[in-house]
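First up is the structure itself, then whatever we jot down about it.
Lettering follows sequence order; numbering is per chain, from 1.
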Protein chains: 2
Amino acid sequence: MSKVAAEQPSWREARRAAARQTIIEAAWSLVGDEGFGGLAMRDLARRAGVTPPTLYAYFDSKHAILDAMFAQGQLEFAARRSSGRPDEPMATLRWFAETFVSFCTENPVRYQLLYQRPVPGFVPSDASYALAARNLEPTRRCLAAVGLAEEAHLDVWTALWAGVVAQQIANEPGGTRWTRHVDTVLDMYLDHYLKPTKRRR
Amino acid sequence: MSKVAAEQPSWREARRAAARQTIIEAAWSLVGDEGFGGLAMRDLARRAGVTPPTLYAYFDSKHAILDAMFAQGQLEFAARRSSGRPDEPMATLRWFAETFVSFCTENPVRYQLLYQRPVPGFVPSDASYALAARNLEPTRRCLAAVGLAEEAHLDVWTALWAGVVAQQIANEPGGTRWTRHVDTVLDMYLDHYLKPTKRRR
DNA sequence: GTCTATATGTGGATAGAC
DNA sequence: GTCTATCCACATATAGAC
């Protein structure tokens, strides 16, 4: 086999992957403008510069497109969080909190797809959902590194940031009314669990 | 005018209100089984024991039905929270937190309609949304009564319980993995704001 | 792979008889 | 007010030519 022939399959794969990525990006653009209720295959095709049947040459269904978007979002989050991560565990916790909150609030529709169920009937595939579960592990290990190794510690941690993000996006998308309290909430959390005082009541 | 004739209009109003309530209850039943994606006028009519056109004799549109459900949910929450409310402000705060969390988690679809946007294209009317805003006032006043009168205090408060509820419903509907930490989170919050220690960082 | 044309289903909402 | 029958817009998805 010549070198060209040997590489041809990967060329095709690359072209195919590029075409898929074009569709994904058109889909993000569309839901950004119209919301998930406006994600129709016709409109998506138009925005991607093709016709509806062409979409089905790259994805089996609309759900498959949503699943690819979900997976890409999870990978984006993993990349964002690992890039610039500090060395110290305590600084890393702050970094994790800030990164999650800014990642979610800077793109509400991405947040909705990753952490809510904005499309009735769509649930991520097991493979994509595994990416989501995997994204919890660094937080779990980092909390354990500062002595917070119990399930309760992680659960309260996730609830804190889920709440900040949910309130910000639901009540003041694009603003900072809730996100500005990330540092305060983090102090609250760390003070409570790392400097235990007697419980009330 | 005879007494009967004078009362007839209210009879009709009562019958009409009862019919509307029947439809609303059928709608809650339907979304409980099928989710908001399964709320179709045909199916709703069947469950309410009528035909689709009859629904339009009582509601102008599907959105009007959703709006009535939203308003009813807000009123239910107000009633739930005021019934059994303690006298002391501190006990009331605990009551408010527990009531909100149990109210939301005991009925996930109600929670979704009241605090998320599960139906693309539907937004509550101004009148219904005013009920939601009104439901925030008792919390605001109660926090102020214990010395937490700033916007930040209320915003962090709402984020805390929004997060607990969101995590519980999204990851373990029907369970208590997150809701069991309501007391802990409340202590965390009160310890931070009522016994201020020096901030980290 | 991409197109034109269309199948097929379902949604909300309505006309008009009773 | 309630029904039967239906309209009409729009959705996902596919057949078949090129």
Return the value, rounded to whole Å, for the distance between atom [atom1] of [X] and atom [atom2] of [N].
X	N	atom1	atom2	value
B:Glu13	D:dG1	CD	C1'	17 Å
A:Ile23	D:dT12	CD1	C1'	15 Å
B:Arg42	D:dA5	CZ	P	14 Å
B:His63	C:dG12	NE2	P	10 Å
B:Phe59	C:dT14	CZ	P	15 Å
A:Arg46	C:dT2	CZ	C1'	17 Å
A:Met41	C:dG9	CE	C1'	16 Å
B:Lys62	C:dA13	NZ	C1'	12 Å

Taking only the side-chain heavy atoms of [X] (C-beta and beyond), determine which of [options] contains the nearest atom.
X	options	answer
A:Ala57	C:dA5, C:dT2, C:dA15	C:dT2
B:Tyr58	C:dA15, C:dC3, D:dT2	D:dT2
B:Thr51	D:dA13, D:dT2, C:dG11	D:dT2
A:Ala40	D:dA11, C:dG12, D:dT4	D:dA11

Do the charged groups of [X] and [Y] touch, with an N to O distance under 4.0 Å?
X	Y	answer
A:Arg47	A:Asp33	yes
A:Arg16	A:Glu13	no
A:Asp183	A:Arg94	yes
B:Lys195	A:Asp191	no

If you take all heavy atoms of A:Gly38 and A:Asp43, which pair is closest and at what distance?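 Where A:Gly38 meets A:Asp43 most closely, the heavy atoms are O-OD2, 4.0 Å.
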Assign the ring pair A:Tyr129 / A:Phe70 to parallel, tilted or perpendicular, where the plane angle (0 to 90°) is split at 30° and 60°.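 The arrangement is parallel - the two ring planes meet at less than 30°.
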Between A:Tyr56 and B:Thr54, which has a closest nucleotide on DNA chain D that is more 5'?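 Final value for this comparison: B:Thr54.
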Want to settle it: does A:Asp60 or A:Asp43 sit nearer the 5' end of DNA chain D, counting the closest nucleotide to each?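 Looking at DNA chain D, the more 5' nearest nucleotide goes with A:Asp43.
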Under 4.0 angstrom, heavy atoms only, what part of the nucleic acid is B:Arg15 near: base, sugar-phosphate, or nothing? nothing
Does A:Leu39 reach a base, just sugar-phosphate, or nothing at all? Heavy atoms under 4.0 Å. sugar-phosphate
How does DNA chain C read in dot-bracket, base by base from 5' to 3', with Watson-Crick or G-U pairs under 3.5 Å and | used when the partner is on another strand? ||||||||||||||||||
Please report the C-alpha distance between B:Val101 and B:Trp178 in whole Å, then the side-chain angles of each, then the deciding distance to 0.1 Å, and finally whether the side chain to side chain contact (heavy atoms under 4.5 Å, CB included) criterion is met. CA-CA 10 Å; B:Val101 169; B:Trp178 278 267; over 6 Å; no
